[in-house]
Q: 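Sharing a structure here in structure tokens format.
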Amino acid sequence: MNVVYDTALGERVQLIGPKQGRFTMYVCGPTVDNSAHLGHGRLAIVFDLLRRHLEKRGVEVVMVQNITDVDDKIIDRAKRSGRTPMEVAREFEAAWFSTLDRLRILRPTHSPRATEWIPQMIGMIAEMVDNGSAYRISDGVYLSVDRVEGYPRLSRQDRDELLAGARVEVSEEKRSPLDFALWKLASAQEYGFDSPWGWGRPGWHTECVAMSLGLLGEGFDLHGGGMDLVFPHHENEWAQAAVLGKRFCRHWMHNGLVEMAGEKMSKSIGNTMSLAEALDRYGPRPLRLAYLRAQYRSPLEMGEAVLEEAERALERIDDFIRRVQGAVSAAAAPKMEEFAAALDDDLDTPRAFAILFEAVRAGNAAIDAGQLDAARALAGSVAGMLDWVGIGLERLEIPGEIAELVAERERAKASRDYVSADRIRERLGELGYVLKDTRDGPVISRA
RNA sequence: GGCGGCGUGGCCGAGUGGUUAGGCAGAGGCCUGCAAAGCCUUGCACAGCGGUUCGAAUCCGCUCGCCGCCUCCA
């Protein structure tokens, strides 16, 4: 049933076996050197969606997402702000989780920190040195890609072309420009850890291998991350697993990047919008809808216009649910399977939402035709779909005073006192509520 | 330069051979105290040029344009 595009194979594959009840996934997490931006939000949303979808399909999901808390940028930031790298990392880690909680991202089953896996990484590196696939030079320990069979196989590039176009700094000591650091030596004054090769820090690509294999075991189901991690990060993870003789992940999945004005949003370009700010301004539901508008592999334009459009689109859905006065029926759930089937097809959220909006249209039409049972069944489906993808229903509590104003206005309308009625509607507006009259009575919502 | 991908109606964005995607915006109508909302109707859309085919947005070739990766990055 569930088909997904596998980066390594360049084609769609069956993600779940016929009798598979458990699914293990590892998703590359953040380097906690700064606040999360909209790009991180998409990563979180995409894999949260996959997880929710599989769980709805009855599969138990074990998800691991690491926290990279040792990194040069963390160290730089610590130096600049007169703190320890650990303090900086913990601050942004806490911010990461609280922001993702606000986005209603389910917490991973495990969130390992790189610094807590140093011994395992050292053990792995030692093994690679012992079996001759890694070597020590003056500034660290490197993996020799020549020892990796079929080396660039995830990014499916030609090795010679990769070498020709290599822009990495050429070290005289490295056996190949493509060789990458497993352990970087540092002076004793610098932040670091002890190792058989001296004081230093692990290379970035090593932690994910240690933690994914350590927590999920060989041959885990899926490894995911942003498209920009395909090369070199994921390529080099795979390379390490290969020289260690370990089966790595069965499949690879990568989400497309978020763009602003047609250009990739990234820390290095500096065109980022903070996830926390977007949450402050638009709230989690419109934001999630905006993310799911495009299929996860496509580039996604983000910005005010996009988010405002998502707000209006969501308003259409919420208006419909309000029209049935919360009387949603969970019984029939028309179109529900069609919706889920779209998600089975490589998480085709645009198609899924087309089905959802079609249910909204049909539901509204049913109300207009006086077919309330049909409308409630459709509302039940819509509610189920929103829940399925983590958007959920609007949580609207109407304070007693507001309800009283609405009732008062109904009395004014009944006595054809439209001046008072309009005044009360204005008053409600000042209090932050929007009142719409329908043939079934007034509907109140938050502005 | 190499590799990967993309170019769909005003905007966003599905769709891999043949009936309306969907959303936002716009136009007309119905409904309506007003305002919204809702419903109905409405848009000669598939970068260009060739080719395959009874038939192509969908397959093949070429051209043009855009993006990503090749360096830290979700």
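What's counted below: heavy atoms across the whole structure, side chains too, no hydrogens, waters or symmetry copies. Each chain gets a letter, A, B and so on, in the order the sequences are listed, and its residues count up from 1. The structure presented is a predicted model; accordingly, all values stated were derived computationally and were not measured.
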Q: With a 4.0 Å cut-off on heavy atoms, is A/K436 in touch with a base, just the backbone sugar-phosphate, or nothing at all?
A: base
Q: Is the charged tip of A/R293 near the ring of A/F353: under 6.0 Å from the six-membered ring centre and within 45° of its axis?
A: no
Q: Classify the nucleic acid contact of A/G39 as base, sugar-phosphate or nothing, counting any heavy atom under 4.0 Å across all strands shown.
A: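 It contacts base atoms.
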Q: Round to the nearest Å and state the distance from A/L38 atom CG to B/A74 atom P.
A: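 In whole Å, B/A74 P and A/L38 CG are 14 Å from each other.
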Q: Indicate, with a heavy-atom threshold strictly under 4.0 Å, whether A/R416 touches base, sugar-phosphate, or nothing.
A: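 The residue A/R416 makes no contact with any strand.
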Q: Taking only the P atom of each, what is the distance from B/U53 to B/U58 in whole angstrom?
A: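 B/U53 and B/U58 have their P atoms separated by 16 Å.
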Q: Determine if A/Y418 stacks with B/G33; use a centre-to-centre distance below 5.5 Å and an interplanar angle below 30° as the criteria.
A: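 So yes, this residue stacks on that base, both cut-offs being met.
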Q: Rounded to the nearest angstrom, tell me the gap between atom CG in A/D319 and atom P in B/C24.
A: 11 Å
Q: Can you see whether A/W238 has A/R153 sitting over its ring - NZ or CZ less than 6.0 Å from the centre and within 45° of the normal?
A: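 Verdict for A/W238: a cation-pi partner in A/R153.
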Q: So, is A/S298 close to the B/A14 phosphate, meaning a side-chain N or O under 4.0 Å from OP1 or OP2?
A: yes
Q: If you look at every strand shown and take non-hydrogen atoms under 4.0 Å, does A/E308 touch a base, only sugar-phosphate, or nothing?
A: nothing
Q: Can you measure A/H40 atom NE2 to B/A74 atom C1' for me and round it to whole angstrom units?
A: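 Rounded to whole Å, this separation is 5 Å.
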Q: Report yes if the distance between the aromatic ring centroids of A/H234 and A/H254 is under 6.0 Å, otherwise no.
A: yes
Q: So, is A/R322 close to the B/A37 phosphate, meaning a side-chain N or O under 4.0 Å from OP1 or OP2?
A: no
Q: Indicate, with a heavy-atom threshold strictly under 4.0 Å, whether A/L257 touches base, sugar-phosphate, or nothing.
A: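 Here A/L257 touches the bases of the nucleic acid.
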Q: What's the CZ-P distance between A/R312 and B/A37, to the nearest Å?
A: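 Rounded to the whole Å, the gap is 11 Å.
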Q: Round to the nearest Å and state the distance from A/L43 atom CG to B/G68 atom C1'.
A: 17 Å
Q: Give the rounded distance in Å between these two atoms: CG of A/L428 and P of B/A36.
A: 17 Å
Q: For A/E315, answer base if it contacts any base atom (sugar-phosphate contacts may also be present), sugar-phosphate if it contacts only those atoms, and nothing otherwise; contact means non-hydrogen atoms under 4.0 Å.
A: nothing
Q: Scan A/R425 against the nucleic acid and name what it touches under 4.0 Å (heavy atoms): base, sugar-phosphate only, or nothing.
A: base
Q: Side-chain N or O of A/K267 less than 4.0 angstrom from OP1 or OP2 on B/A74?
A: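 Checking B/A74 against A/K267, a side-chain N or O does come within under 4.0 Å of OP1 or OP2.
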Q: When all nucleic acid strands are considered with a 4.0 Å heavy-atom cut-off, which category describes A/V434: base, sugar-phosphate, or nothing?
A: nothing
Q: Using 4.0 Å as the upper bound for N to carboxylate O, is an ion pair formed by A/R446 and A/D318?
A: no
Q: Looking across every strand, which nucleic acid part, if any, lies under 4.0 Å from A/N364 by heavy atom: base, sugar-phosphate, or nothing?
A: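 The residue A/N364 makes sugar-phosphate contact but no base contact.
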Q: Need one value for A/R153: base, sugar-phosphate or nothing, where a base atom within 4.0 Å counts as base even if backbone is also close, heavy atoms only.
A: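 A/R153: no heavy atom of the nucleic acid under 4.0 Å.
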Q: So that I can tick it off, tell me whether A/E309 and A/R316 are bridged by a salt bridge, with the cut-off set at under 4.0 angstrom between side-chain N and carboxylate O.
A: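 Between A/E309 and A/R316 there is no salt bridge, as every charged N stays at least 4.0 Å from the carboxylate O atoms.
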Q: A/N66 has an atom CG; how far is it from atom P of B/A74, in whole Å?
A: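 Interatomic distance, CG of A/N66 to P of B/A74: 10 Å.
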Q: Output yes when A/D48 and A/R107 qualify as a salt bridge under the 4.0 Å nitrogen-oxygen rule, no when they do not.
A: no
Q: What is the distance, to the nearest angstrom, from the CG atom on A/D437 to the P atom on B/A35?
A: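 In whole Å, B/A35 P lies 12 Å from A/D437 CG.
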